[in-house]
Number of protein chains: 2
Amino acid sequence: MSFCEKCIVRKFSGLKTLNPEELEQISKNKTSLSFQKGELIFDEGEYLKGVYCVRHGISKLTKLSSNGKDQIIKFVSNGEVLGQRSTIANEPTNLKAIALNDMEVCFIPKNYFLENIKKNPRFSMEMLQDLAHELKEADDVIVNMSQKPVKQRIAETILHLENSFGLDEEGFLLIRLSREDISNIVGTATESCIRLLSTLKKEGLISTSGKRIMITDKETLQQVAEGLHH
Amino acid sequence: MSFCEKCIVRKFSGLKTLNPEELEQISKNKTSLSFQKGELIFDEGEYLKGVYCVRHGISKLTKLSSNGKDQIIKFVSNGEVLGQRSTIANEPTNLKAIALNDMEVCFIPKNYFLENIKKNPRFSMEMLQDLAHELKEADDVIVNMSQKPVKQRIAETILHLENSFGLDEEGFLLIRLSREDISNIVGTATESCIRLLSTLKKEGLISTSGKRIMITDKETLQQVAEGLHH
DNA sequence: ATTAAAACATGACTATTATCAGTTTTACTC
DNA sequence: GAGTAAAACTGATAATAGTCATGTTTTAAT
């Protein structure tokens, strides 16, 4: 049994605005869950009974397109909360959540979450700002997807993955994705994605080793992402 | 001078959850503004001093892409509020707002809007649900943009415009957009957009008269939008 | 360690979309 | 209502991305 009050993860999520009593209330009613790599956390269209606070690991959130491909909408990792949007909207989820690696999460039943939104204005303001921020990010993605060619989107994705998850000791991106996952981020055929990664490799902007990717010329890669370099 | 209490528009926006005193407070401090067709309401990156409640007219919200094209992210019309996201996030706007036709809006200074979020839990819950809903829509757009070919996106856009703004007496879409605007919704070259509209016309799914568009075979158009028809 | 399955990679070809150049139509001003 | 600028349209061509076929490497399970 662990206590929310002491959880480091709390510092990064909206939960930081809750007072000790509110936290204890949540602490008493949460349940700890583990998910294995590849395991389904929740599916698109499910009604959630609460939110999932991620203590460890990374989850990918995808949406099934009418052509049968899963589009990756975003990743959720340590200190972030899964299922916020649908819980707040009181709707079924619009996304599917899958564990990218082994995960530990705390499940917080809906009513404790919603209760705090109603009672604690600082918490609800935090949630509002969270959603506002997500919305801005979504707008950026829309523009990139509609206006940029695939090569730019891949360059951008690699830079974004570095920013979000950082590097390991050897300098490789900490997050390891299959080529298919990458193609599902940029919305392209897996073969096209592989080919363009090879191109970036030949141009000396990245190097790879299996699933691991290293940025070797960040400046030029940024130029590619912005369409200034061919 | 008009009173928020009596404003029909209020019924459609989050403002409906405010009580008479809160409404009077806003009513006393709002200013009425007019914008002409094509006029700039606010630019990307501006700090807004408040939100704009749309009483009449339609505004397009765009974001400039690095390739110099404006991507249309969404439209805001009667009963909806402009500048919500950036006001809540306390950030500069991430979108540019332009009047698509002559507009009448009420400007509500920031602090009256934020005050109600802090004091009235029903209002802040309404705002949360608003943002949650926008976020879901944004996810849908991301999937469409990344996974669907241009023809499908155009079909979808036409159907979406009918749903959002309806038809005139003759059965044409009420909203009238230039070919360039349509191409900036689907994120394509204007010429490609024109060509695909012609194709849809030849296939008998729509007909056009100048800027006016009429859906003549809704069922098939829906199939095209979903990729079931070629 | 062996083997089967999955993921990765590449080539050949096709389909889609963008670009450039030009013409026609529409809408607006005087 | 003629003149003009902007928008709409069309064609030719190039660039981009998707599909299908096939071989190779990596991964994971026995």
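Just so it is clear: chains get the letters A, B, ... in the order the sequence lines come, proteins before strands, and each one is counted from 1. All values below were derived from every heavy atom in this structure, side-chain atoms included, with hydrogens, water molecules and symmetry-related copies excluded. Predicted, not measured: the structure shown is a model, and the values here were computed from it.
Side-chain contact of B:S178 with B:K211: a donor-acceptor pair under 3.5 Å is absent, judged by distance alone. Between B:N184 and B:Q71, the side chains place no donor N or O within less than 3.5 Å of an acceptor N or O (distance only, hydrogens not considered). Side chains of B:E44 and B:N94: no donor on one and acceptor on the other come within 3.5 Å. Side chain to side chain, B:K201 and B:T208 meet the donor-acceptor criterion of an N or O pair below 3.5 Å.
Residue-to-nucleotide proximity on DNA chain C shows that, of B:K37 and A:K201, the 5′-proximal contact is made by A:K201. Both A:R195 and A:K211 sit near DNA chain C, but only A:K211 has its closest nucleotide nearer the 5' end. In terms of position on DNA chain D, the residue among A:G210 and A:K151 whose nearest nucleotide sits closer to the 5' end is A:K151.
Between the CD atom of A:Q152 and the C1' atom of D:dT16 there is a distance of 12 Å, given to the nearest Å. A straight line from CZ of B:R212 to P of D:dA8 spans 15 Å, rounded to a whole angstrom. Rounded to a whole Å, the NZ atom of B:K148 is 19 Å from the C1' atom of D:dA17. At whole-Å resolution of the value, CG in A:N67 and P in C:dT16 are 14 Å apart. A:R153 has its CZ atom 13 Å from the C1' atom of D:dG18, to the nearest Å. Rounded to a whole Å, the CD atom of A:Q147 is 12 Å from the C1' atom of C:dA18.
None of A:F35, A:Y52, A:F42 except one satisfies the ring-ring contact (aromatic ring centres under 6.0 Å, His included) rule with A:F107; the exception is A:Y52.
Under 4.0 angstrom from either OP1 or OP2 of C:dT10 there lies at least one side-chain N or O belonging to A:S198.
Relative ring orientation between B:F75 and B:F165 is described as perpendicular, the plane-to-plane angle rising above 60° on a 0-90° scale split at 30° and 60°.
Comparing C:dT10, D:dT19, C:dT17 by their closest approach to the side chain of B:V150 singles out C:dT17. For B:I194, the side-chain atoms get nearest to D:dT10 when compared with the rest of C:dA18, D:dT10, C:dT10.
More than 12 heavy atoms of other residues, nucleotides or ligands sit less than 6.0 Å from atom CZ of A:R212.
Contact check of residues 173-191 of chain B against DNA chain C (heavy atom, cut-off under 4.0 Å) returns B:T188, B:A189, B:E191.
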